[in-house]
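When reading the values below, keep in mind they use all heavy atoms of this one structure, side chains included, and skip hydrogens, waters and symmetry mates. All of these numbers come straight from a predicted model, not from anything done at the bench.
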Protein chains: 2
Amino acid sequence: MTKNTRRIQRGELALTRAAIIDASIALLDSSGESGLTFRALAAVLATGAGALYFHVASREDLVNASCDAIVARAMAATMTFASPPQRLRAIGLALFDAIDAHPWVGAELARAPGTMPTVRILEGIGQQVQALDLAEEALWAATSALFSYIVGVAGQNAANARIGRERGLDRSTFLDALATQWSQLDANAFPFARSVATQLRGHDDRADFVTGIDLILDGIATRCAR
Amino acid sequence: MTKNTRRIQRGELALTRAAIIDASIALLDSSGESGLTFRALAAVLATGAGALYFHVASREDLVNASCDAIVARAMAATMTFASPPQRLRAIGLALFDAIDAHPWVGAELARAPGTMPTVRILEGIGQQVQALDLAEEALWAATSALFSYIVGVAGQNAANARIGRERGLDRSTFLDALATQWSQLDANAFPFARSVATQLRGHDDRADFVTGIDLILDGIATRCAR
DNA sequence: ACCTGAACACCGTTCAAGT
DNA sequence: ACCTGAACACCGTTCAAGT
C-alpha cells in the first residue's frame, strides 16, 4: 500500500512532516510550550501518537523544525532594506516581532544553538556585517556581539511572554506585580532595582531593543573601522 | 515534636531549605537539568519526595533558588574592581565563569526574568552604569543593553554546554561536528556560515564575550556621553 | 511502508496516614 | 509540625500487531 493511502481513503489529509509541523505551530501558539504533546498533536491530526515518529525524530526535532519555519519566514521578510545597518535593525525587529507572536520560538532559539534556525539568523547578520567593510579581525567580534544580543533578547522576551501566559496576566499587570515586588527589596542592597521598579511599566521593550542594536553598531563603528 | 527531631534522632542532618538547595545544586552539577528529580533528591537526602514540599514550593522554585545561590556568590566576587567599566567586565566574566561551571544557571536565568537572580545582575549592572555619569535618558538604555547581552550570552553558553553533556561530547568534538554540518550547507544561501565553519573551533567564547561588552561600552561612550 | 494504540518507564505533585 | 510513600495524572517513546 502506498504512502498514506489509508488515511486518504478515510477522507483525511496525508500525514506528512509539513502537516505535522503546521499543526505543531498551531498548538504551540494556542496552548503554549506545555500544550504541545504527542497525544494532543495526534488527536488534532486524527492519528496515533506513534505515527508521528515516522515523520519526526523526537519532540525536540519537532519544536526545532517548527521554530525554523517561523524564523525562515521572518528572515525572508528582511530582504528589502537598503543599507547594512538598516538591514541589521530590520533583522532584529523581524525576529523580535516573530517572537512576540510566537514566544516559544524565542525559547527554542536559546535552547538549540548551532541548529538551522540559529544558522539562518547568524547568516543574515554575518552577511550584513561583511557589507560594513570592517577590518578582517573585527568581523567575527561584530557578528558575534550582534547575534548574541539579538538571540539573547529573544530568549528573555519569550520568557516574559511565557510567564504572562502561565499566570494568565497581560503584560501591564505582570509588570505591575514585578514593580511591587522590586519596590519591597532591601533599600541598601537594591537601590537601582527599586529606582527602576516604578518605571518598568512605561518602558517600550521593542524600542529598548533597537537602541541596544544601535549601541552595538556605534561601538563597531568606533572600534572596528579600518 | 519539634522541627526535624525525628530525622536528627535517626542521626541525619536536619531537612532544611538550605540543605535541599545544596543537594539540588550538587545534583544539577553532576547529572544535569534532567537529573534533578524529586525522587533522586529525596534519595540523596534520605527522605520522602513529599517532604521536600514542606521547604520548597515546586521544582521551579527549587531551581530558581539554586540558581540564586550561585549568582549571589558570583556577584559578591566582583566588588573589588575599581572603575565602572572594569567592574562591568568583571560582572560579565564572573557570570560567564559561573555558568561555565554550572550550565543550568544560564538556562534558569533565561527562563525566569524578573526573579531574584536576574534582579541581582540588573542591580550590579545598573549601579555601575549609574557611575558612568550618563545623560538621564540614556541610563536605562545602557543598562538594558548590557543586561540583555550578558544574560543572553549566558543562555547560549548554557545551551552549548547542555548539548555537549547530552551527547557526551567535549567542546572541541562538538564544534567539529558543527563545522562539518555547516560546511555542507548550500553555498548560495549560506556563504557566511560556511566561511566561519572552519574557524569555529579556534574561537575563544570568553574573549568574544568580553569584546561584546567592550563594543557596547564604546557605543555607550559615543552615543550617551553628556 | 505506514499506521495504530496499548504498554513502558518515567515525571511533579498531592494527601491520607503516621510520629 | 514535619515526614512518609503510595497514588494520581500526566509525559515521551517504543513496539507488536495490523493494513
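We find that CZ of B:Arg17 is positioned 18 Å from C1' of D:dA1, with the value rounded to whole Å. Taking atom CG on B:Leu15 and atom C1' on C:dT19, their separation rounds to 16 Å, with Å as the unit. Counting to the nearest Å, the C1' atom of D:dC2 and the CG atom of B:Leu45 are 15 Å from each other. Atom C1' of nucleotide C:dT13 and atom CZ of B:Phe54 are separated by 13 Å, given to the nearest angstrom. Between the CZ atom of B:Phe38 and the P atom of C:dC11 there is a distance of 12 Å, given to the nearest Å. Taking atom NE2 on A:His55 and atom P on C:dC2, their separation rounds to 6 Å, with Å as the unit.
Side-chain proximity of A:Thr37 to the nucleotides C:dG12, D:dG12, C:dC3 is greatest for D:dG12. Side-chain atoms of A:Tyr53 lie closest to D:dT13 of the nucleotides D:dT13, D:dC3, C:dC3.
Scanning both residues, B:His203 and B:Asp208, for their nearest heavy atoms gives CB-OD2, 3.8 Å.
Within 6.0 Å of atom CD in B:Glu166, more than 12 heavy atoms from other residues, nucleotides or ligands are found, so the atom counts as buried in its surroundings.
Evaluation of the ring pair (Phe, Tyr, Trp, His ring centres under 6.0 Å) test over residues 160-180 of chain B, restricted to residues two or more places apart or in two chains, returns none. Annotation: salt bridge (Lys or Arg N to Asp or Glu O under 4.0 Å) contacts involving residues 30-50 of chain A, sequence neighbours excluded, comprise A:Glu33-A:Arg111.
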Exercise for the section: Would you check, one step at a time, whether the test side chain to side chain contact (heavy atoms under 4.5 Å, CB included) holds for A:Asp61 with A:Ser58? Expected result: CA-CA 5 Å; A:Asp61 172 38; A:Ser58 64; 3.7 Å; yes
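Looking at B:Arg17 and B:Ile20, their side chains never come closer than 4.5 Å, going by heavy atoms from C-beta outward.
With B:Thr180 contributing its side chain and B:Asp176 its backbone, the two residues share a donor-acceptor pair below 3.5 Å. Without hydrogens or angle criteria, B:Arg206 side chain to B:Leu93 main chain gives no donor-acceptor distance under 3.5 Å. Looking only at distances, no side-chain donor or acceptor of B:Arg59 sits under 3.5 Å from a matching main-chain atom of B:Phe38.
Scanning residues 56-63 of chain B for heavy-atom distances under 4.0 Å to DNA chain C yields B:Ser58, B:Arg59.
A donor and an acceptor atom, one from each side chain of B:Asn64 and B:Thr115, are located under 3.5 Å apart.
DNA chain C contains the following stems of three or more consecutive Watson-Crick or G-U pairs, with both distances under 3.5 Å: C:4-8 with D:12-16, C:12-16 with D:4-8.
Contacts of A:Arg171 classified as salt bridge (charged side-chain N to carboxylate O under 4.0 Å, His left out), with partners at least two apart in sequence or in another chain: A:Asp205.
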Using a cutoff of under 3.5 Å, can you pull out all pairs of nitrogen or oxygen atoms linking the protein to nucleotides 5-8 of chain C, with atom names and distances?
{"residue": "C:dG5", "atom": "O6", "partner": "A:Gly50", "partner atom": "N", "Å": "3.4"}

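The residue A:Leu36 sits close only to the backbone: its heavy atoms come under 4.0 Å of sugar-phosphate atoms, none of a base.
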